[in-house]
2 protein chains.
Amino acid sequence: MARTKDKNTEEQILEAAKNVFQTKGMDGARMQEIADSAGINKAMLHYYYRSKQLLFEAVFKNAFSLLAPQLNKILNDASSIEEKVRNFTSNYITFIIKHPYLPNFIIQELNRNPDFILKIQENSTLLNIEKFKTQVTLEVNQGILKPTKGDQLFINIMALNIFPFVAKPLIKAFTKEDEKGFKTLMEQRKTEVSEFIINSIKQH
Amino acid sequence: MARTKDKNTEEQILEAAKNVFQTKGMDGARMQEIADSAGINKAMLHYYYRSKQLLFEAVFKNAFSLLAPQLNKILNDASSIEEKVRNFTSNYITFIIKHPYLPNFIIQELNRNPDFILKIQENSTLLNIEKFKTQVTLEVNQGILKPTKGDQLFINIMALNIFPFVAKPLIKAFTKEDEKGFKTLMEQRKTEVSEFIINSIKQH
DNA sequence: ATCTTTGTTAACTAAATGGTTAAACTACAT
DNA sequence: ATGTAGTTTAACCATTTAGTTAACAAAGAT
C-alpha cells in the first residue's frame, strides 16, 4: 500500500527529522529513529536526502530561516529603539514558547561546527547590526538614550531574551520551579525584560 | 616502557576526556580519541572508569564543581546587591575566558539529560536563590533598589554574563568580529554589564 | 496491455564503536 | 630470584549505524 496520504513523504521526513535532530542534536540523532518517527522505511531518508549530513542541513536551514525574521525586526525596521526592545521582547518570547527547542538547537550546532554560519550568511543578507548601531548612536546624540554602545546593547537584548530558554534546566533547578512555574516566569519576562532594558538605557 | 611520568594515568585520562567531551559533547566524543589524546591504550579508560558514561560523569561533575563556587558568590556572600553584581560580573567573565568551553558544555548536556541536575543537587546544598531573593526584597524596601523581582533579576544576571560565551559563534557573525574582537567585547563587558544592571535597578 | 518512471521495502554491507580478554610488563615486598 | 598485585597493551568481540541494493509496487504515458 503506497502512502498516498495528504502530506507527501518528503515533508513527513523533514518533520520527523526536525523533531529528532532538534532534541538529540546531529551526533545523538539516529537515522532509524527518524524513519520510525516518520513511519517509513529508512531507505527513503537516503532516497530523498542522500545522507544524514544533507538531511541535517535541510533541518538546520529550515530552523534558521524561521528565526531570522524575528531577529530582523530588531535590526532593520523603522521604529525607535525603545519600541524595538518592547516589540522584540514580547514577540520573541511568544515565538520561542511555540518553538522551544529552536534556540538551543541552533546554538549547540553552531558551536559544534561554526562553519555553518558561513553557509547561512551567503543565503541571507541580514545578520548585520550596522543599522542598529547607527540608530543607537543617533538616539544617544539626540539625548533619548544614555551613552550606550550599540553592539553591547544588542548582545544584552539577545542574552536577556534567549538565554532563559537555552539554560532552562539550570533555571528550573535554581528557582525550584516546575514546568508550569517556568512558563509563568517566561510570560512575566515578556514585559519584565523590556522594562529592565529601557530602565537601564533611557535618558530620564 | 611504563609511563612513570609525574602525572598519574588516571589524571591524564580525566584531562584528555575533559577536552574531548567539552568540545564534542557526550554523543560526539569517541573513546578512541580520548585515549589517543591521553597518549594511552583505550583499554585503560575502562580500567580506570569502567564505561564511557562513568567517565563522562566524572568530567561533568568536575566541570560543575568548578563553576559552582562562582555562582555561590552571588547567592551566599554578605555584600550588597550592587557589590555582588559588580564582583560577580568581573570575576565570572575572567573565569570563563580561562574555561571557554565550560558553560556551553554544561548547558548542552543538561538539556540532553535534565536528570543530571538531580545528581548535582544531592552533592551540593547550593543552587538555592532564596537568600538572594530575600536580600533583593530587603533592599527594595530600604529604597536602595527600585521594585525588582529577585528571581527575574537573578535570571538577568546569569543571562547577561553567560549567554555571550554560549552563543559565541552567533555573536561573532552578527558583530562581524574575529576572535580578537570578540575577546575585546568580552573584556569590555566586565564593567559594561554591571553598569547596565545597576543602572536598571538602582533607585536614583 | 505494457512500458517507464517514480516511490517503497526488506535484506544486506562495511565501517565504526564501546567494551572485553588474556597475556605481558613493572615495581616492590619477601 | 621469585611471587604478587597493580598496570598496560594488542587483539578481539558484539552491536550499532549510515548507507546500498535489488526486487517490487503504483501510476501514468503510449
Side-chain angles (χ1 to χ4, degrees), chain A residues 1-62 105 108-109 112-113 115-116 119, chain B residues 1-62 105 108-109 112-113 115-116 119:
Chain A
M1 27 113 187
R3 207 161 302 268
T4 347
K5 283 287 170 59
D6 36 356
K7 279 209 169 185
N8 62 353
T9 310
E10 197 170 338
E11 271 178 45
Q12 281 175 252
I13 292 174
L14 203 62
E15 176 67 18
K18 190 192 85 182
N19 292 331
V20 175
F21 277 130
Q22 290 194 3
T23 48
K24 310 257 174 116
M26 171 65 171
D27 293 329
R30 295 291 162 252
M31 295 295 268
Q32 188 60 59
E33 186 180 355
I34 294 172
D36 292 348
S37 164
I40 49 126
N41 189 286
K42 184 165 68 82
M44 297 303 283
L45 304 183
H46 294 94
Y47 180 77
Y48 283 105
Y49 292 92
R50 286 190 53 111
S51 70
K52 185 183 183 183
Q53 178 66 22
L54 288 174
L55 178 54
F56 174 81
E57 284 177 23
V59 170
F60 188 84
K61 279 177 191 163
N62 232 281
F105 172 64
Q108 183 179 328
E109 297 303 329
R112 200 179 54 86
N113 181 5
D115 292 343
F116 264 139
K119 285 190 186 172
Chain B
M1 24 114 189
R3 207 161 301 268
T4 345
K5 283 288 169 61
D6 35 357
K7 280 209 171 188
N8 63 352
T9 310
E10 197 170 337
E11 271 178 44
Q12 280 175 253
I13 293 175
L14 203 62
E15 176 68 18
K18 189 193 85 182
N19 292 332
V20 175
F21 277 130
Q22 290 195 3
T23 49
K24 311 255 172 117
M26 170 66 171
D27 292 330
R30 295 291 160 252
M31 294 297 268
Q32 189 60 61
E33 187 181 353
I34 294 172
D36 292 347
S37 165
I40 48 123
N41 188 286
K42 184 163 68 81
M44 296 302 283
L45 305 183
H46 294 94
Y47 181 76
Y48 283 104
Y49 292 92
R50 286 190 50 113
S51 70
K52 186 184 183 184
Q53 178 66 22
L54 287 173
L55 177 54
F56 173 81
E57 284 177 24
V59 169
F60 189 84
K61 280 177 192 165
N62 231 282
F105 172 65
Q108 181 179 329
E109 296 302 329
R112 199 178 55 85
N113 182 5
D115 293 343
F116 265 140
K119 284 190 188 172

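Chain A is the first sequence line, chain B the second, and so forth, proteins listed ahead of strands; every chain is numbered from 1. Note that the structure is a prediction, hence the values are computed from the model and not measured.
- OP1 or OP2 of dG18(C) sits under 4.0 Å from a side-chain N or O of Arg30(B).
- A side-chain donor from one of Gln32(A) and Asp36(A) sits under 3.5 Å from a side-chain acceptor of the other.
- You'll find that the side chain of His46(A) is closest to dA18(D), out of dT9(D), dA18(D), dG18(C).
- Checking dT8(D), dT20(C), dA18(D) against every side-chain atom of Met31(A), the shortest atom distance belongs to dA18(D).
- For the pair Leu45(B) CG and dT21(C) C1', the interatomic distance rounds to 16 Å; values are reported in whole Å.
- With dG18(C), dT6(C), dT9(D) as the candidates, the nucleotide lying closest to the side chain of Lys52(B) is dG18(C).
- For dG19(C), the base has a donor-acceptor partner in the side chain of Lys42(B) [N/O atoms by modelled type, under 3.5 angstrom].
- In this structure, Arg112(B) is positioned above the aromatic face of Phe56(B), its NZ or CZ under 6.0 Å from the six-membered ring centre and within 45° of the axis.
- Rounded to whole Å, the distance from OH on Tyr47(B) to P on dA24(C) is 18 Å.
- To the nearest 0.5 angstrom, Leu55(A) atom CG is 5.5 Å from Met31(A) atom CE.
- Computed from coordinates, the Asn41(A) CG to dG19(D) C1' distance equals 12 Å when rounded to whole Å.
- Closest to the side chain of Thr9(B), from the set dA18(D), dT8(D), dG19(C), is dT8(D).
- When distances run from any side-chain atom of Tyr48(B) to the nucleotides dT7(D), dG18(C), dA18(D), the shortest one goes to dT7(D).
- Counting to the nearest Å, the P atom of dG7(C) and the CD atom of Glu10(A) are 9 Å from each other.
- Using a 4.0 Å heavy-atom criterion, one finds that Ala29(B) contacts the sugar-phosphate atoms exclusively.
- Atom CD of Gln12(A) and atom P of dG7(C) are 14 Å apart (whole Å).
- Atom CD in Gln53(B) sits about 12 Å away from atom C1' in dG18(C), given to the nearest Å.
- Phe116(A) and Phe60(A) have parallel rings, their planes meeting at less than 30° on a 0 to 90° scale where 60° marks the start of perpendicular.
- Side-chain proximity of Ser51(A) to the nucleotides dG19(D), dT20(C), dT7(D) is greatest for dG19(D).
- Atom CG in Asp27(A) sits roughly 11 Å away from atom P in dG18(C) (whole-Å rounding).
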Tell me, with the steps shown, if Phe21(B) and Ile34(B) meet side chain to side chain contact (heavy atoms under 4.5 Å, CB included).
CA-CA 9 Å; Phe21(B) 277 130; Ile34(B) 294 172; 3.9 Å; yes
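- One can place NZ of Lys24(B) at 15 Å from P of dA16(C), the figure rounded to the nearest angstrom.
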